[in-house]
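Heads up: the structure comes next, in structure tokens.
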Amino acid sequence: MNIRHVILAATLSLLPLSAHAESKLADFTLAPRIKAKIDAGQPLDIYVSYHDVSNEFAPFMKAGVERAAKEDKVGAQFIGPVGADADGQISEIETLMGKMDGLAISSVSTDALAPVIDRVIAAGIPVVTFNTDNPESKRLAFAGQDLVQSGREAGKLMAKVLGGKGKVMITTIDAAAQWSLDREKGAREALKAESGIEVVSTLNTGTDPQKIYAAIENAMLANPSISGVLSLECCSTPAAGTWVERNKAADKVKVVGFDLLDQTVQLVQDGNVNATIDQAPEKQGFAAVDLIVQFLKGQPINNVDTGVGIYTKENIAEVAKK
């Protein structure tokens with residue numbers, strides 16, 4: 001099987017802002033208290049709100065935030081709800097309005113979080129989005145992966161490993177989250193282009209690791225004709241691969257997923273996960289802070305695309321060595 005190892009490099013690249021985004025930058029007025037801090041050379045306080053700090057993906061984001069804080073010499077706090085909770089995320093941000101000099105946010109829900117982003121902007125506090133974009137809000141820039149496109153790439157990979165034929169189950173830890181909806185849209189678009197592939201269902205597993213595995217196990221028992229599992233995120237990928245491993249089903253059920261958790265890397269090495277897509281979470285966390293710092297320094301900023309890195313058994317050793 002000859003799969004392209006890397007479709008889009010998982011390195012930082014700057015994407016020009018649209019005319020609409022440029023107007024947002026031009027219309028923004030910095031709060032006097034923040035300007036006074038900058039003029040006085042006082043340390044800046046930036047808050048990075050992630051949509052679920054309890055998931056296994058969050059520590060990678062936090063590491064990038066901490067690196068940016070050190071390199072940019074600012075205070076940077078990684079915050080967010082435990083579990084995907086839009087009300088909790090909004091409440092936490094609102095309590096920090098008078099303290100933050102900049103906000104980076106990954107929204108639980110674009111619709112729910114757009115108004116609070118706009119309120120923060122209206123208060124003269126710069127806001128960028130990361131990981132999950134909120135393009136309809138007045139945010140100034142975005143750092144992360146194109147989620148619809150990454151879903152398309154996952155769908156293409158799934159079609160490739162299945163040889164263009166089979167029944168696919170999509171799995172996600174939060175089917176209602178915007179990042180999941182965007183990725184699923186791209187995945188379904190790619191799979192729809194293959195006449196021999198049928199998407200049988202989308203399985204919403206929840207976030208508890210044991211419940212994720214149980215949900216996948218039950219779904220596979222209920223529909224033994226499934227020949228492909230396409231995970232949309234970090235945490236149902238290793239669960240699907242573990243099911244394949246325990247059932248010795250690598251020749252019958254193919255798995256494509258996301259991220260480079262240690263367990264996922266091992267499952268790819270062992271042939272129980274066929275491909276996984278990296279979205280460079282540490283770089284996303286770093287860029288979230290760095291964009292705000294550069295903006296507050298008066299420098300122009302652009303969207304940052306952290307890319308789509310594809311890993312299979314053929315090249316996963318690159319990750320394992322690290």
Side-chain angles (χ1 to χ4, degrees), residues 50-58 60-61 80-86 89 106-113 131-133 144-159 161 167-192 197-220 222-223 226-244 253-261 263-264 267 273-279 281 284 308:
Y50 185 55
H51 60 259
D52 179 5
V53 297
S54 66
N55 72 35
E56 294 179 84
F57 194 63
F60 299 96
M61 294 281 189
V82 175
D85 178 4
Q89 191 174 26
S106 173
S107 303
V108 170
S109 159
T110 54
D111 290 343
L113 272 294
N131 186 245
T132 300
D133 196 9
Q145 191 178 73
D146 182 325
L147 295 171
V148 175
Q149 181 59 29
S150 67
R152 289 193 192 101
E153 298 300 347
K156 291 176 185 177
L157 280 169
M158 187 84 263
V161 299
K167 293 186 177 182
V168 174
M169 176 174 69
I170 294 172
T171 66
T172 174
I173 60 173
D174 188 357
Q178 192 62 49
W179 59 263
S180 183
L181 295 170
D182 289 345
R183 252 200 206 129
E184 182 174 353
K185 176 183 177 182
R188 283 182 175 271
E189 285 177 2
L191 293 170
K192 188 177 181 180
I197 291 180
E198 175 190 356
V199 178
V200 298
S201 64
T202 295
L203 180 67
N204 188 21
T205 67
T207 58
D208 179 82
Q210 291 183 339
K211 292 180 179 178
I212 293 172
Y213 182 85
I216 291 173
E217 183 175 49
N218 290 336
M220 297 303 289
N223 195 340
I226 289 171
S227 54
V229 180
L230 194 162
S231 165
L232 298 178
E233 29 61 35
C234 64
C235 307
S236 64
T237 302
T242 299
W243 183 91
V244 169
V253 178
K254 308 303 180 182
V255 177
V256 171
F258 279 83
D259 303 314
L260 296 171
L261 299 181
Q263 188 180 5
T264 299
L267 287 162
V273 169
N274 298 85
T276 191
I277 297 176
D278 177 36
Q279 57 180 321
Q284 291 186 16
V308 176

Looking at side-chain heavy atoms only, is the closest gap between [X] and [Y] below 4.5 Å?
X      : Y      : result
Thr276 : Leu260 : yes
Asp146 : Val148 : yes
Thr205 : Lys211 : no
Leu113 : His51  : no
Leu267 : Pro238 : yes
Met158 : Ile197 : no
Leu261 : Thr237 : no
Val253 : Trp243 : yes

Exercise. Only one of Ile277, Asp278, Asn131 clears side-chain contact (heavy atoms from CB on, under 4.5 Å) with Gln145; which?
Worked result: Ile277

Grab the two heavy atoms, one from [X] and one from [Y], that are nearest each other, plus how far apart they are.
X      : Y      : answer
Phe258 : Ser231 : CD1-O, 3.3 Å
Gly228 : Ile226 : O-CG2, 3.4 Å
Ala239 : Tyr213 : O-CD1, 3.6 Å
Ser150 : Val308 : CB-CG2, 4.2 Å

So, taking the atom named [atom1] in [X] and the one named [atom2] in [Y], what distance separates them when rounded to the nearest 0.5 Å?
X      : Y      : atom1 : atom2 : answer
Arg152 : Gln149 : CZ    : CD    : 5.0 Å
Glu56  : Cys234 : CD    : SG    : 6.0 Å
Trp179 : Gln279 : CH2   : CD    : 9.0 Å
Glu198 : Leu191 : CD    : CG    : 11.5 Å
Asn55  : Ile173 : CG    : CD1   : 5.5 Å
Ile212 : Asn204 : CD1   : CG    : 10.0 Å

For this session: Any chance you could lay out the side-chain contact (heavy atoms from CB on, under 4.5 Å) test for Met169 and Asn223, step after step, and finish with the verdict?
Result: CA-CA 10 Å; Met169 176 174 69; Asn223 195 340; over 6 Å; no

With no hydrogens and no angle check, do the side chains of [X] and [Y] hold a donor and an acceptor under 3.5 Å apart?
X      : Y      : answer
Thr242 : Gln263 : yes
Gln178 : Asp182 : yes
Thr172 : Ser180 : yes

For this session: Decide yes or no on side-chain contact (heavy atoms from CB on, under 4.5 Å) for Ile216 and Leu203, but give the supporting numbers first.
Result: CA-CA 8 Å; Ile216 291 173; Leu203 180 67; 4.0 Å; yes

